[in-house]
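What follows is a short report on a single structure.
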2 protein chains.
Amino acid sequence: MRAQKALVALTERPVVSNVRWPKRFEDTMNLKQLSEKLGLSQTTVSRALNGYPEVSEETRLRVAEAARRHNYRPNMRARGLATGRAMAIGHVIPLSAKFAIVNPIFADFIAGAGEIYARSGYDMVLSIVNESEEARVYGEMKSKGNVDGVIVHSPRHDDPRIAQLGDIGLPFLVHGRSSGCALPYAWLDVNNRHAFERAAGFLLDLGHRRMALLNGPEEMDFAIRRRSGYAAALTAAGLVPDPELMLCDEMTEAFGHRAAADLLAAPEPPTAFLVASMLIAIGVRRAIEERGLRFGRDVSVVTFDDDLSYLSNLDAVPVFTAMRSSVREAGRRAAAMLLRMIAEPGIGLPSQLLEAELVVGQSTGPAPRG
Amino acid sequence: MRAQKALVALTERPVVSNVRWPKRFEDTMNLKQLSEKLGLSQTTVSRALNGYPEVSEETRLRVAEAARRHNYRPNMRARGLATGRAMAIGHVIPLSAKFAIVNPIFADFIAGAGEIYARSGYDMVLSIVNESEEARVYGEMKSKGNVDGVIVHSPRHDDPRIAQLGDIGLPFLVHGRSSGCALPYAWLDVNNRHAFERAAGFLLDLGHRRMALLNGPEEMDFAIRRRSGYAAALTAAGLVPDPELMLCDEMTEAFGHRAAADLLAAPEPPTAFLVASMLIAIGVRRAIEERGLRFGRDVSVVTFDDDLSYLSNLDAVPVFTAMRSSVREAGRRAAAMLLRMIAEPGIGLPSQLLEAELVVGQSTGPAPRG
DNA sequence: TTGTCAATCCAAAGCGCTTTCAAATCGGCC
DNA sequence: GGCCGATTTGAAAGCGCTTTGGATTGACAA
């Protein structure tokens with residue numbers, strides 16, 4: 001249909017350097033048509049559909065019925081233009097500059113947020129973008145006006161984006177926090193520090209004294225907090241955190257394997273690993289078994305578990321002992337918070353701290369006596 | 001929803017029966033302001049910025065400069081309303097009804113597609129939605145007019161969505177194919193059949209005769225094709241595919257582990273596994289090693305490798321022998337194809353078949369003589 | 001001088017929707 | 001009947017942008 005029209009246009013004008021697009025919205029019913037069919041004004045129909053009180057229940061029903069029958073749905077661009085609201089939330093997902101890695105937790109976070117958006121009639125617009133370009137993208141989102149707010153992912157220490165977004169004047173909520181950032185902002189985070197303190201404490205209670213930390217990249221705020229939790233637990237137990245045992249890198253299976261293999265081959269190998277993601281943990285398990293050690297007996301592993309849908313650790317007795325916190329649920333909550341901020345400006349800057357839950361699985365046991 | 005909003009308003013402000021939203025686009029420069037600053041008409045400024053020829057090079061420069069200085073960017077809703085184009089592509093990502101699993105390949109596919117969109121000034125709008133609701137969402141996208149086209153993910157056998165989208169009249173491209181679907185449609189797919197035929201052939205050449213297939217869910221079209229490739233290779237070698245050795249399920253590490261553990265414990269265990277994803281392969285490796293068998297010696301594994309960024313298998317000698325095809329590259333190409341379909345209607349329905357590449361890693365070796 | 005033509009520019013009419021402001025209608029009551 | 005207040009409806013003015021159909025130049029040839 002559309003194809004034909006444009007084709008005609010192209011053949012009509014000989015060699016135009018610029019295509020002029022057809023203007024009409026072809027076949028979708030619009031407000032005018034609907035109101036004509038009903039013998040009502042656009043005003044009334046609009047009001048009826050949007051639930052304004054000035055229209056009688058009878059006509060409201062007539063209108064609703066007709067709208068359904070003709071499969072009418074208001075054009076969002078027009079509505080947005082009229083209301084000044086885009087009915088969409090932006091997610092800017094950074095591509096790690098070094099590795100071009102998309103953190104797999106995004107899929108689940110976004111699945112959670114998407115649930116809420118769908119329920120509230122919002123769309124989600126996604127930009128996947130190099131770290132360096134994020135600021136530009138936020139600015140564009142504001143000036144293009146295609147979102148009403150954004151969720152900021154993967155905050156780093158003293159993240160400049162927070163100040164930028166403040167200037168820009170676009171409502172935003174940070175998934176995570178940015179320590180060192182002076183300005184107030186809305187956020188939702190899991191208590192990473194406490195989770196790792198707790199996990200380390202659990203391993204200490206089992207008698208482990210040499211405990212490795214395989215952390216995510218330490219420019220990430222969450223990684224910093226996790227390390228500090230780990231260190232706090234050791235210190236509280238009278239131990240001195242050994243820098244040799246604290247590694248950080250992209251959270252991949254390969255990293256887990258390599259790091260664990262190296263550490264286990266060292267003169268004084270750790271008896272336990274505390275790691276930042278299931279993928280790392282899987283790599284660690286491989287290194288343990290490759291070395292002929294028994295996973296969960298000779299060497300214990302505790303992981304942070306984002307409860308990703310395709311990496312489930314949910315059996316009756318989970319494979320991995322883990323600090324678990326569903327990132328999908330985090331997505332839901334973050335989305336709900338941001339929508340609320342938009343719907344009720346003036347409610348201030350909400351924040352929410354989720355606690356991870358310790359689930360004991362087969363990957364931990366008492367430290368072997370040595 | 002709206003009802004709720006109104007309710008909230010009622011409790012907040014005393015007597016107002018309805019919230020009327022503020023109309024003005026607060027602080028972002030608009031075309032009118034910019035043209036006034038320049039002493040030109042909106043027409044001229046618009047044309048200058050959009051590269052139409054009717055404006056002198058001199059004023060074009062002036063305009064461009066001013067636009068940059070004032071950080072002007074056209075409001076997409078208004079532009080969309082005027083042009084009838086949304087400058088956005090929709091991705092509807094199905095949530096497996098049974099497991100609520102988000103296939104992890106989406107993250108990378110979308111990263112690839114996003115690159116192209118960004119480069120072309122398009123946005124990506126994402127809906128994550130239960131399988132059952134997909135059709136509705138496509139219809140909404142059309143009538144809401146917030147996308148110019150969609151990419152269809154995870155096609156199943158004779159997928160009804162293809163016919164629906166045809167009716168709806170929204171340009172679309174399928175990532176994958178839907179065998180059994182009579183209608184023509186645009187698609188991009190990897191040659192799954194050939195990839196698995198090739199991989200099975202490779203294992204046959206190594207002397208493997210009992211070869212298990214751990215496949216994805218067989219309502220998925222790609223899984224069907226993979227099985228048929230596997231079966232074809234066996235048949236060509238004079239073997240009869242053994243149903244006992246062909247399993248399918250969600251592509252998780254847990255499935256790989258469970259299935260491989262079961263099969264290896266059976267009276268006539270396979271000497272090789274052909275599996276549908278890296279995660280499955282990782283599970284298989286675990287089962288092999290748990291059983292005290294040597295991975296890549298006693299038991300061989302070939303996997304399909306989507307080259308996901310966080311599951312890299314790219315070492316000089318890869319861990320897994322794999323049929324590799326980058327899903328991120330697929331995302332790039334799919335996006336480019338769809339954009340082209342939209343920009344040049346009348347080019348028909350393009351399609352592209354990618355070939356996976358065989359990379360030989362450490363997970364395969366000659367069949368043990370027994 | 002006049003007409004022609006190309007090169008520039010502009011006023012104004014949309015795009016589909018919301019919302020203001022005013023008008024019409026209705027019931028009830030004097 | 002006439003008037004008032006409450007209830008329903010509509011006409012029209014935007015929202016910010018593109019694009020049509022002129023208008024206005026200046027250069028140049030007739």
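Computed from a prediction, not measured in an experiment: that's the story for all the values here. Only this structure's heavy atoms are used, side chains among them; waters, hydrogens and symmetry mates stay out. Chain letters run A, B, ... following the sequence lines, proteins first and then strands; every chain starts at 1.
A:L188 and A:R333 make their closest contact through CD1-CB, 3.4 Å (heavy atoms, listed as atom of the first residue, atom of the second, distance).
OP1 or OP2 of D:dT20 has not a single side-chain nitrogen or oxygen of B:Y52 nearer than 4.0 Å. The shortest distance between the side-chain N/O atoms of A:T83 and the OP1/OP2 oxygens of C:dT18 is not below 4.0 Å. In this model, the phosphate group of C:dC15 is not approached by any side-chain N or O of A:N75 to a distance below 4.0 Å at OP1 or OP2. OP1 or OP2 of C:dG16 has not a single side-chain nitrogen or oxygen of A:R79 nearer than 4.0 Å. Close to D:dT18, at under 4.0 Å from its OP1 or OP2, lies no side-chain N or O of B:T43.
Atom NZ in A:K32 sits about 13 Å away from atom C1' in D:dA11, given to the nearest Å. Atom CD of B:E58 is separated from atom P of C:dA7 by 16 Å (rounded to the nearest Å). Taking atom CG of B:N50 as the reference point, atom C1' of D:dT18 lies 8 Å away to the nearest angstrom. In this structure, CD of B:E57 is placed 16 Å from C1' of C:dC9, rounded to the nearest angstrom. Put simply, CE on B:M87 is 14 Å from C1' on D:dT18, counting in whole angstrom units. Taking atom CD on B:Q33 and atom P on D:dC15, their separation rounds to 11 Å, with Å as the unit. The separation between B:E54 atom CD and D:dG21 atom P is 13 Å, rounded to whole Å. Nucleotide C:dC9 holds its C1' atom 13 Å from the CZ atom of B:R60, rounded to whole Å.
Going from atom CE of B:M76 over to atom CE of A:M141 covers 11.5 Å, rounded to the nearest 0.5 Å.
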Ignoring hydrogens and angles, write down the donor-acceptor pairs under 3.5 Å from the side chains of residues 87-94 of chain A, residues two or more places apart or on other chains.
unit_1, atom_1, unit_2, atom_2, d
A:H91, ND1, A:H153, NE2, 3.0
A:H91, NE2, A:Y117, OH, 2.9

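Candidate nucleotides D:dG16, D:dT18, D:dT9 were compared by shortest atom distance to the side chain of A:T59, and D:dT9 ranks first. The side chain of B:V55 lies closest to C:dC9 when the candidates are C:dC9, D:dC17, D:dG10. Ranking D:dT9, D:dG16, C:dC17 by closeness to the B:N30 side chain, first place goes to D:dG16. Comparing C:dC17, D:dT19, D:dG16 by their nearest atom to the side chain of B:A82 picks out D:dG16. Taking only side-chain atoms of A:L81, from C-beta outward, the nucleotide of D:dG16, D:dT18, C:dC21 with the closest atom is D:dG16.
Position along DNA chain C of the nearest nucleotide to B:S56 versus B:A78 favours B:S56 as the more 5'-ward residue.
Taking the salt bridge (charged side-chain N to carboxylate O under 4.0 Å, His left out) definition, one finds that B:D123 meets it with A:K144, sequence neighbours left out. Every residue two or more places apart in sequence or in another chain was checked for a ring pair (Phe, Tyr, Trp, His ring centres under 6.0 Å) with B:Y138, and none qualifies. Among residues two or more places apart in sequence or in another chain, the side chain to side chain contact (heavy atoms under 4.5 Å, CB included) test is passed with A:E57 by A:R60, A:L61. For B:H175, the ring pair (Phe, Tyr, Trp, His ring centres under 6.0 Å) partners at least two apart in sequence or on another chain are B:F109.
Using modelled atom types and a 3.5 Å distance limit, the side chains of B:R69 and B:N71 yield no donor-acceptor pair.
Less than 4.0 Å separates DNA chain D from at least one heavy atom of each of the following residues of residues 34-42 of chain A: A:G39, A:L40, A:S41.
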